[in-house]
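The sequence lines fix the lettering, A, B, ..., with proteins before strands; numbering per chain opens at 1.
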Amino acid sequence: MSEEAADPGRRRFLTLATTAVGAVGTVYAITPFVKSMLPSARAKAAGAPVEVDISMLEPGQLLTVEWRGKPVWILKRTPAMLESLTKHDSLLADPASKVADQQPAYAQNVARSIKPDILVLVGICTHLGCSPDKRLDAGAVSGLGDDWPGGFFCPCHGSKFDLAGRVYKNVPAPTNLPVPPYMFAADTRLVIGEDKKGAA
Amino acid sequence: MLTNLLAWIDERFPLTKVWNEHLAEYYTPKNFNFWYFFGSLAMLVLVIQILSGLFLAMHYKPDTGLAFASVEYIMRDVEWGWLIRYMHSTGSSAFFIVVYLHMFRGLLYGSYRGPRELIWLIGMVIFVALMATAFLGYLLPWGNMSYWGAQVIISLFDAIPFVGPSLAEWLRGDFVVSDATLNRFFALHFFIPVIILPALVFVHIVALHKVGSSNPDGIEIKKKKGPDGKPLDGIPFHPYFTVKDIAGVAVFLMFFSAVLFFAPELGGWFLEPDNFVPANILQTPTEIVPLWYFTPFYSILRAVTTDMMRFGLLPFMAVVGGLAIYSVRDMMMRAVVAGATAAILLGLFMMEAKIWGVIMMGLSIVLFFLLPWLDRSPVKSIRYRGWMYKTALTLFSVSFVILGYLGTKSPEAISLFLMKNVYWVQIFTIVYFAFFLFMPWYTTLDKTKPVPERVTP
């Protein structure tokens with residue numbers, strides 16, 4: 001033991017240095033635990049594309065398939081439904097689908113689809129992830145008033161979408177329903193989760 | 001013999017000392033009334049939940065393929081399993097009833113005021129941990145409402161700018177609510193209530209016993225001590241309040257058993273019908289509704305639409321900000337307040353309604369934490385406050401109940417009168433926030449009555 005008086009500056013420096021090294025060590029030590037909660041390799045591998053046969057789909061019918069644990073809707077729109085899409089732009093928040101993340105470039109059109117009649121949407125509300133109700137019929141039968149042009153209604157928080165999945169103004173959902181990447185492998189065979197650019 | 005044993009222990013462990021300090025010689029105000037039952041009742045319910053949960057965990061399986069069936073197995077095939085399960089589900093609602101009444105007691109008698117700020121803050125942390133526990137536990141039966149409820153609440157994190165989506169993925173452990181989510185929720189539903197909650201309750205009580213209990217008059221009994229150094233208005237916790245609390249426990253258990261045995265679902269209020277259907281990834285229940293104890297906050301989340309921001313929140317925040325700028329005397333502070341107000345108003349213009357819904361819901365809980373500093377009244381108890389605080393507290397209580405009720409209804413329906421639910425919810429959301437945000441002013445202006453020297457019956 002030294003007989004000299006303690007040097008407080010030196011002692012403070014050593015305490016701080018030890019604390020700093022300890023803090024760095026703690027961050028390293030908790031990293032594996034934090035990372036263990038991320039999606040596992042198995043969860044990541046489960047997101048493979050889904051192939052759907054739509055030859056049996058009649059106009060006006062909607063088919064729900066599962067892709068990456070989410071409901072994906074395939075709606076074959078009637079000519080009347082397609083015609084209705086241009087008539088209520090003033091009620092919509094983003095009628096021209098300008099928010100680029102919500103659809104691939106090939107679906108950035110009025111019908112939000114590759115073939116005008118076949119609509120492919122991820123059926124998850126962009127507000128908080130509920131699956132909206134299908135209120136495809138226009139008018140009072142929908143329960144949403146006489147001037148409802150047909151579309152989707154989220155029962156959780158009241159968001160409304162038209163028959164191209166475009167969101168109405170002044171509802172909680174901020175953006176249009178997302179269109180997943182998809183392509184036609186043949187005329188009636190749809191591949192969801194993969195397009196000409198490759199798998200999503 | 002026993003005395004010798006006690007002496008032997010006391011030399012090695014402060015048994016008698018702890019007993020005296022916290023029970024036999026812990027002086028408690030003698031004017032405690034009905035509202036002071038709920039602290040001990042909350043501890044009782046915690047014990048009920050931990051014990052019933054332990055026995056449920058012996059039969060439950062946290063696996064998306066097995067979870068729903070294992071709960072039905074507990075209900076039908078496990079001996080007395082139905083009782084333990086209903087005890088646990090009724091207990092969760094009972095927990096919130098008791099805790100809400102315990103918190104309301106604080107609002108009535110100013111229990112959160114100095115020197116008890118830390119007790120209140122720790123209590124609020126307990127409340128948040130309790131909400132987390134309830135939310136985690138609600139996923140476990142893997143019913144359809146479990147699944148979609150978790151989906152909605154985890155999506156709240158998605159709204160956080162930049163980090164939101166990755167944070168939500170980290171919480172779920174997958175891109176959607178899945179087996180990984182269920183498994184970790186089960187682990188956390190064990191860890192938080194069994195390890196964290198009792199630790200927080202311990203700290204809550206240590207802080208309480210340091211400063212001493214408040215009382216319905218909101219005066220400090222430690223200020224008037226007799227020649228023996230004991231508070232004149234205090235009586236030992238044991239045996240007086242242990243006996244009183246046991247009477248409270250007996251009455252509570254009567255109500256608890258009545259629900260448990262005769263109406264465990266309580267018409268859908270304690271167990272929702274949609275949760276008797278297994279989780280279905282492709283089918284949202286017609287109405288996603290959390291259990292009643294979350295619906296006031298859920299209503300606030302749903303209240304925020306673009307119109308609500310423009311015509312409700314914007315003028316409201318402008319008034320609050322203007323008042324704050326006017327009232328702050330220090331020029332530096334005034335600049336800070338003005339900057340904060342400008343940032344909020346700008347945010348209301350720039351950011352989406354979805355984000356503001358989440359912010360307002362978070363704020364509706366955060367504001368409770370700030371109560372000790374928002375309240376500027378010279379008195380603590382409602383007995384000596386003026387008409388302003390009484391009116392404000394009444395309006396707040398009404399808005400809390402109505403927000404809770406409308407949170408279980410569709411926003412588009414008309415459940416009260418005159419207007420769609422969403423408009424009522426928006427009005428009462430403003431009332432809810434006004435209670436907190438105008439508090440510094442109305443508690444200052446309020447005309448109070450003189451506070452007595454000694455407690456009154």
B:Pro411 and A:Gly158 have their tightest heavy-atom pair at CG-N, 4.4 Å
What one should report as the nearest heavy-atom pair of A:Cys130 and B:Ile288 is SG-CD1, 3.2 Å
Tell me whether [X] at atom [atom1] has more than 12 heavy atoms from other residues, nucleotides or ligands lying less than 6.0 Å away.
{"X": "A:Phe13", "atom1": "CZ", "result": "no"}
{"X": "B:Phe190", "atom1": "CZ", "result": "no"}
{"X": "B:Phe175", "atom1": "CZ", "result": "yes"}

Which N or O donor-acceptor pairs, by atom type, sit under 3.5 Å across chain B and chain A?
{"unit_1": "B:Ser155", "atom_1": "OG", "unit_2": "A:Leu128", "atom_2": "O", "d": "3.2"}
{"unit_1": "B:Trp170", "atom_1": "NE1", "unit_2": "A:Val34", "atom_2": "O", "d": "2.6"}
{"unit_1": "B:Arg184", "atom_1": "NH1", "unit_2": "A:Met37", "atom_2": "O", "d": "2.9"}
{"unit_1": "B:Arg184", "atom_1": "NH2", "unit_2": "A:Met37", "atom_2": "O", "d": "2.9"}
{"unit_1": "B:Thr284", "atom_1": "OG1", "unit_2": "A:Ser131", "atom_2": "N", "d": "2.6"}
{"unit_1": "B:Thr284", "atom_1": "OG1", "unit_2": "A:Ser131", "atom_2": "O", "d": "2.9"}
{"unit_1": "B:Tyr298", "atom_1": "OH", "unit_2": "A:His157", "atom_2": "NE2", "d": "2.9"}
{"unit_1": "B:Arg302", "atom_1": "NH1", "unit_2": "A:Cys156", "atom_2": "O", "d": "2.9"}
{"unit_1": "B:Thr306", "atom_1": "N", "unit_2": "A:Asn170", "atom_2": "OD1", "d": "3.3"}
{"unit_1": "B:Asp307", "atom_1": "N", "unit_2": "A:Asn170", "atom_2": "OD1", "d": "2.9"}
{"unit_1": "B:Asp307", "atom_1": "OD2", "unit_2": "A:Asn170", "atom_2": "ND2", "d": "2.4"}
{"unit_1": "B:Lys354", "atom_1": "NZ", "unit_2": "A:Thr126", "atom_2": "O", "d": "2.9"}
{"unit_1": "B:Lys354", "atom_1": "NZ", "unit_2": "A:His127", "atom_2": "O", "d": "3.0"}

With a 4.5 angstrom heavy-atom cut-off, which part of A:Val65 approaches chain B: side chain, backbone, both or neither? backbone
Using non-hydrogen atoms and a 4.5 Å limit, figure out which bit of B:Ile153 sits close to chain A: side chain, backbone, both or neither. neither
